[in-house]
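This report concerns only the one structure given below.
Basis for what follows: all heavy atoms, side chains included, without hydrogens, waters or symmetry-related copies. We name chains A, B, ... by the order of the sequence lines, and we start the count at 1 in each one.
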Amino acid sequence: MGIFQQRGIHVVHNKHTSKIKPVRIETCGEVTLMMKQHIGTPCEPLVKAGDEIRLGQVIGDTQAGLAAPIHASVSGKVKRIEQIRILTGEDVKAVVIASDGQMTPLDGIAPPVIKTRDDFFAAIRASGLVGLGGAGFPAHAKLKSACGDVDVLLVNAAECEPYITADHRETLDAGDDVLEGIAQIAHYLGIHKAIVGIESNKGDAIGKFRALCAAVSTPELKITTAVLPSRYPQGAEKMFIYSLTKRIVPLGKLPSSIGALVMNVASVAFLARYIKTGKPLVSRTVTVDGGAVQSPINVRTPIGIQVRELIDFCGLQDVRPKKIIMGGPMMGAATPDLNAVISKCNNAVLLFDDKQTQKRPETACIRCGNCVAGCPMKLLPLKLEAAYRANDTAALTRLDAMGCMECGSCSYVCPASHELVQCIRLGKRLLREAQSREGSKT
Amino acid sequence: MSAEEEKTLTPASGQQLAIVSATPHLRTHRTTQAIMLDVCLALIPAVAASVWCFGTRALIVMLFAVISCVAFEAITRIALKRAQTVQDLSAVVTGLLLGMNLPPTLPLWMIPIGSFAAIVVVKQLFGGIGQNFANPAITARIVLMLSFPTQMTSWNAANGHAWGADAASAATPMKALTANELGAFSGDDLPSILDMFVGRHGGSLGETCAVALLLGAIYLCVFRVITPLIPCFYIGTVAVITFIAGGFDAQFTIYHLLGGGLILGACFMATDYATSPVNWKGKIVFAIGCGILTSLIRLFGSMPEGVSFSILLMNLLVPHIENLTAPRTFGKERKRHAK
Ligand code: SF4
Ligand code: SF4
């Protein structure tokens with residue numbers, strides 16, 4: 001029955017930038033560093049307005065376990081600390097630094113001294129690394145939780161979202177770093193098997209990694225490359241694990257519970273570079289594309305750059321996009337203006353033109369079942385939508401609304417243009433509210 | 001942001017306007033209208049075949065059915081003060097299917113009665129497209145069948161006009177199959193299998209030409225309008241049951257598969273979105289149920305044909321089938337393992 005169980009959908013690829021090496025943005029006028037660029041507790045600013053700042057200096061941190069410190073991505077002076085609203089709707093503090101254009105690094109940046117596994121975790125935390133694929137889970141916390149239970153490291157280079165090629169470039173441009181990172185993680189976590197998963201539409205990366213893996217595999221650490229069908233959302237953690245290992249992550253559990261550790265390919269490469277140089281996470285690769293962009297490109301940009309400055313750099317100052325998307329077109333959030341800033345887990349900025357922004361009116365559900373067939377989590381999106389609209393929390397629970405990963409496949413395939421994922425998202429909020437009400441009652 | 005809300009925000013800075021809307025920011029081009037158009041296209045071979053078999057009268061019947069369905073759809077939406085939906089082409093599909101389910105000789109004034117039942121009663125009064133629990137065209141056929149039994153079953157031999165056959169005396173293969181005692185089946189009174197396959201036999205307009213119908217069904221599967229699940233399991237179930245009941249006589253089985261409305265029903269009526277389950281397991285159960293009922297009615301019932309009644313009956317069971325076959329969420333433990 002395998003054929004019926006193949007979930008996910010076909011989406012347009014639009015990977016226009018896969019042949020374009022990231023162009024480095026050396027410096028920028030100003031950066032806005034949000035104190036929350038990860039899943040978990042926000043950091044507290046460690047600097048105040050007027051402070052002189054060096055590149056790589058820690059400017060925000062917290063005692064909490066689930067967090068990663070924030071480093072200055074330019075050198076210069078702190079302009080102000082402000083409160084801004086991030087894409088998830090939360091209000092967090094942000095440190096605005098006016099760059100002096102020098103990019104003077106902090107004194108004493110040196111490769112971390114790692115002797116024990118705990119040193120390794122501490123170093124990863126100090127690097128500021130979070131999942132660069134978009135989720136932003138603090139890397140040290142993920143690695144720590146994987147300790148002991150995990151027998152396979154899965155490196156995620158699927159990159160199933162349309163347009164984005166940031167990870168694809170990483171596999172092509174920093175293949176050695178990726179393998180070095182795999183070796184480091186495997187060494188400290190005692191893993192003997194690693195698989196790099198790449199979607200079939202990236203032939204050059206697959207060829208390259210096949211050769212690389214064959215060259216560096218040892219009996220202690222077997223590294224292989226797996227070709228995945230180009231289906232959205234292949235790169236989603238649970239789907240990725242299932243495709244590579246046929247293991248199923250139980251609802252509400254972490255991948256480590258079934259012995260798998262998934263790391264984004266760019267995160268792995270960064271980790272290797274950090275251990276070599278000690279330079280913390282201050283820049284990243286971003287794909288700039290979309291219908292409003294004539295010549296799409298990849299850029300290597302300081303984290304915290306405003307979209308306005310970023311697209312100026314790309315020569316797009318005259319573009320009047322109808323929609324600005326931070327991230328991929330399937331899961332990325334739309335933002336109202338060019339003041340939005342690039343965070344650690346932001347892999348793309350898409351500027352959509354009029355045509356791409358046109359919205360079809362919602363019509364009646366025809367029960368075509370496309371949303372059901374497309375849902376990678378095997379949910380019933382049309383029924384979840386109805387349950388949300390009826391405010392029926394019992395039905396939302398019964399239909400496992402919380403299992404929805406908000407991949408958007410259901411809304412994509414709906415011929416009646418229903419806002420299925422948005423309804424389910426709001427349905428999940430209803431459930432959370434109901435839960436906290438119950439919690440406060442008892 | 002609420003589900004429908006989409007706004008053009010003017011930020012405090014005022015330099016840039018951009019639309020903020022819910023993910024995903026890409027959507028398929030396959031709208032309801034596109035899907036319905038595909039179904040119409042898929043029916044073209046069958047329409048052509050029925051004109052070839054039954055002459056222009058067939059075309060008139062189908063045109064009448066389509067026009068009356070579209071008109072009823074438009075009028076009801078206006079009367080109910082709801083947004084107009086004729087442009088989604090679903091009424092055209094219903095009209096075509098209704099026309100195909102009628103005998104070519106049916107008096108034209110009876111057709112709008114069927115259209116009224118299909119569009120107004122079954123579809124619009126229950127809330128329009130997607131909301132009806134019974135297949136509109138099938139219900140209309142049954143309404144007409146019960147109201148005008150003689151006219152609805154006076155089938156001309158297909159191509160009678162061209163082949164000069166005695167139109168009045170031609171029995172449909174389904175009648176012949178029922179008339180023969182089970183087990184005492186002989187192919188003597190029946191048209192040849194080739195005639196069955198291309199449509200040179202009696203029956204409703206659109207159901208006689210198996211080749212044309214199958215072509216259309218393949219088109220729908222290739223363009224992913226339908227999955228092959230329902231047609232395969234429906235026809236497969238009938239094949240298995242009639243093969244066994246007919247004493248392992250392949251010829252008997254083939255007549256059952258090609259005769260009557262089975263192929264039309266399995267490919268175009270049972271696959272109707274609104275009245276079949278949305279999940280693949282449900283589709284299989286639904287199709288097997290249709291197959292069993294059709295076989296039983298044909299073999300043991302008093303009526304020669306059971307496709308319409310079987311599909312209608314199974315339509316009513318769809319909500320229950322969906323509940324019983326609901327997919328298990330990815331990563332959810334099987335019930336019996338639950339603590
Ligand atoms: S219901 Fe959730 S998981 Fe399923 S397709 Fe929709 S967004 Fe994706
Ligand atoms: S995809 Fe849209 S029209 Fe089809 S069943 Fe789901 S909600 Fe209904």
Subject >> Part of B:S90 within contact of chain A (heavy atom distance under 4.5 Å) >> reply: neither
Original post:
Distance from B:T28 atom OG1 to A:N370 atom CG, nearest 0.5 Å?
Top reply: 8.0 Å
Original post:
When rounded to the nearest 0.5 angstrom, what distance separates CZ in A:R360 from CZ in B:R27?
Top reply: 8.0 Å
**OP:** Work out which heavy atom in A:I324 is nearest to a heavy atom in B:A18; give both atom names and the distance.
**Re:** CD1-CB, 3.8 Å
**OP:** Pick whichever of A:I9, A:L399, A:L382, A:V372 has the most heavy-atom pairs under 4.5 Å with chain B.
**Re:** A:V372
**OP:** Under 4.5 Å heavy-atom distance to chain B, tell me which part of A:C414 shows up: side chain, backbone, both or neither.
**Re:** backbone
Original post:
For A:V249, is it the side chain, the backbone, both, or neither that has a heavy atom closer than 4.5 Å to a heavy atom of chain B?
Top reply: backbone
Original post:
Can you list the steps and then say if B:K332 with A:L251 is a side-chain contact (heavy atoms from CB on, under 4.5 Å)?
Top reply: CA-CA 5 Å; B:K332 192 171 190 164; A:L251 266 191; 4.1 Å; yes
**OP:** Using non-hydrogen atoms and a 4.5 Å limit, figure out which bit of B:I129 sits close to chain A: side chain, backbone, both or neither.
**Re:** both
Original post:
With only heavy atoms counted, which part of A:L380 is less than 4.5 Å from chain B, the side chain, the backbone, both or neither?
Top reply: side chain
Subject >> Validation row: A:T363, B:T85 side chains within 4.5 angstrom (heavy atoms) >> reply: no
Subject >> Rounded distance (nearest 0.5 Å) linking atom CG of B:N323 with atom NZ of A:K383 >> reply: 5.5 Å
Original post:
Can you tell me how far the NE2 atom of B:H25 sits from the OG atom of A:S411, to the nearest 0.5 Å?
Top reply: 11.0 Å
Subject >> Under 4.5 Å from a heavy atom of chain B, the part of A:H418 involved >> reply: backbone
Subject >> Partner chain B: residue of A:S417, A:A364, A:C365 with the largest heavy-atom pair count (under 4.5 Å) >> reply: A:C365
**OP:** Check whether the side chains of B:T23 and A:R425 place a donor and an acceptor atom closer than 3.5 Å, and report yes or no.
**Re:** yes
Original post:
Does any heavy atom of chain B fall under 4.5 Å from the side chain of A:V12, the backbone, both, or neither of them?
Top reply: side chain
Original post:
Is any side-chain heavy atom of A:R367 closer than 4.5 Å to a side-chain heavy atom of B:E322?
Top reply: yes
Original post:
Picking from A:A334, A:A333, A:G369, A:C375, which has the most non-hydrogen pairs under 4.5 angstrom with chain B?
Top reply: A:A334
Original post:
Do the side chains of A:T335 and B:V20 get nearer than 4.5 Å, heavy atoms only?
Top reply: no
**OP:** Under 4.5 Å heavy-atom distance to chain B, tell me which part of A:M331 shows up: side chain, backbone, both or neither.
**Re:** backbone
**OP:** Please determine, by modelled atom types, if B:S21 and A:K359 share a side-chain donor-acceptor pair under 3.5 angstrom.
**Re:** no
Subject >> From B:F330 atom CZ to A:D400 atom CG, the distance as rounded to the nearest 0.5 Å >> reply: 13.0 Å
Original post:
How far does OH of A:Y163 sit from CG of B:L26, to the nearest 0.5 angstrom?
Top reply: 5.5 Å
**OP:** Just give me the residue among A:G408, A:P162, A:C368 that pairs up with chain B most often, heavy atom to heavy atom, under 4.5 Å.
**Re:** A:C368
